[in-house]
Amino acid sequence: MKLKILVTAGDGIGPEVTNEAVAVLRETAALGGHDFTFMEKRIGGVAIVADGTPLPQDTIDAALASDAVLLGAVGGNEFNSLPPDKRPEGGLLAIRAALGGFANLRPCFSFKELTVNSPLRPEVIEGTDIMFVRELLGGAYFGKPREWNKVSGEAWNTMRYTRDEVARVARIAFQLAQKRRKKLTSVDKANVLEVSQLWRAAVTEVAQEFPDVALEHQYVDAMAMHIMNRPRDFDVVVTENLFGDILTDESGVITGSLGMLPSATIGGKVNLYEPVHGSAPDIAGKGLANPLGAILTGALILRHTAGLEAEAAAIESSVRKVLEQGFRTPDLARGNKEGLTVLSTTEIGAKVRETVKTLLVDA
Ligand code: NAD
Ligand code: IPM
Ligand code: MN
């Protein structure tokens, strides 16, 4: 099959991790006889410097003409004093809006080999398999009015949702739950916020279309605790934009590192794929970044855009096998390093490619 992928690598470790993800995708496509082409465009801080805007029109046009967009990460400390829409992060929100995907799937599962890397006890996290569905186009990120009024010394954002915006993301979450363990947890703050009361009512209404899925509601503060205490109890978790942002970084504690988490945004014109982590300025340019979250994001392109399930699974198995063989990036090798080989970003990427080759050629 033919697939046109736009790569927007962005800032910091973005280019380092997307290089590895693209190399794995190229290898996988070649082995399966598929024709994948990759084009690169600027977004974020690199685009501010080169083009004077965090999201050039040229990048939007190329994204809309692609089958999938793979984004690295955006952001850098030198842009921190800019207003939100002028910052690198503003470019990310603008490309999300332009592509229209409203359901951001953020799977979190514990790799057996990495349980020791988590501050949580192995018996608490082993076997965790949660699919977070984060609403991506609404809530405080996009709600108006929003302003920092420097004269009055006030600032405000608006957490806004319509019933339909909640229903459409809830429907995706229920459909995913139907194919999994048939349990959906909806997370809100309906004890305090009207917008959450609407959220809860809309999710409850959609539940009538899915009688085979067990629905529960949790408040976000309690949920932040439950996913640390008993992560295995959750199957699909659906929540609004800001709560989903926070809970999914927290879920990186379960996988052992934020650098392990992939994501796929579906429901719009073109799917957008990004690892959950940011540009990590503290480790950028040193070969220390963990590219496995970006590589697993590549697997999600194969699953959700290309429909190449066997190839997606081969990438995921390869990541698992590389970990089984004791290969780690530094973030995955905290504490006792006995029996482990600590590799750079490019070295661990090469290990994944070698393993994909073995799996797909032997199959
Ligand atoms: P971050 O995710 O960049 O980093 C948080 C911590 O995790 C850091 O210690 C970092 O070194 C570590 N880390 C993250 N990814 C890693 C990886 N792949 N391998 C190893 N370690 C990794 O979050 P932050 O420091 O709060 O933000 C830095 C910048 O990134 C900010 O400008 C922020 O707005 C931006 N950001 C962008 C995205 C995105 O583009 N999708 C996501 C989150 C944050
Ligand atoms: C993420 C990031 C982004 C978000 C920022 C950089 C705009 O934290 O993808 O999780 O908050 O959505
Ligand atoms: Mn985030």
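What you are looking at is a predicted structure, and each value in this text was computed from that prediction instead of being measured. Both counts, for ligands and for their atoms, begin at 1 and track the order of listing. Computed from heavy atoms alone, side chains included, the values below leave out hydrogens, waters and symmetry copies.
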**Item:** Test item: Thr329 and Pro291 side chains (from C-beta on) under 4.5 Å apart, heavy atoms
**Value:** yes

**Request:** Using a 4.0 Å heavy-atom cut-off, say whether Pro281 meets ligand 1 through its side chain, its backbone, both or neither.
**Result:** side chain

**Prompt:** Would you say Ser279 and ligand 1 have an N/O pair spaced under 3.5 Å apart?
**Reply:** yes

**Request:** Could you check which N/O/S atom of Asp245 is closest to the Mn ion (ligand 3)?
**Result:** OD1

**Message:** List ligand 2 atoms under 4.0 Å from Arg96, heavy atoms only on the residue side.
**Reply:** 1 (C), 3 (C), 4 (C), 9 (O), 12 (O)

**Prompt:** Where on Glu89 is there a heavy atom closer than 4.0 Å to ligand 1, on the side chain, on the backbone, on both, or on neither?
**Reply:** side chain

**Prompt:** Which of parallel (below 30°), tilted (30 to 60°) and perpendicular (above 60°) describes Phe210 and Phe174?
**Reply:** parallel

**Asked** Given His277, Arg106, Glu274, which has its nearest heavy atom closest to atom 1 (C) of ligand 2?
**Response** Arg106

**Item:** Contact bool for atom 21 (N) of ligand 1 (protein heavy atom, d < 4.0 Å)
**Value:** yes

**Option whose closest heavy atom lies nearest to atom 11 (O) of ligand 1, chosen from Leu332, Asn290, Asp282** = Asp282

**Request:** State whether Lys41 and Asp58 are salt-bridged, where the test is any N-O pair (Lys NZ or Arg NE/NH1/NH2 against Asp/Glu carboxylate O) under 4.0 Å.
**Result:** yes

**Asked** Does some side-chain heavy atom of Leu114 sit less than 4.5 Å from a side-chain heavy atom of Thr255?
**Response** no

**Message:** With heavy-atom distances below 4.5 Å as the criterion, would you say the side chains of Leu137 and Arg96 are in contact?
**Reply:** yes

**Asked** Can the positive tip of Arg180 be found less than 6.0 Å from the middle of the six-membered ring of Phe109, inside 45° of the ring normal?
**Response** no

**Prompt:** Do Gly259 and ligand 1 have an N or O pair less than 3.5 Å apart?
**Reply:** no

**Item:** Shortest protein heavy-atom distance from atom 35 (C) of ligand 1, along with the residue and atom involved
**Value:** Val74 O, 3.1 Å

**Message:** Once you restrict to heavy atoms under 4.0 Å, what part of Asn77 touches ligand 1? Side chain, backbone, both or neither.
**Reply:** neither

**Item:** Option set Ile13, Asp249, Asn80, criterion heavy-atom distance to atom 16 (C) of ligand 1, minimum
**Value:** Ile13

**Asked** Under 4.0 Å between a Lys/Arg side-chain N and an Asp/Glu carboxylate O for Arg320 and Glu113?
**Response** no

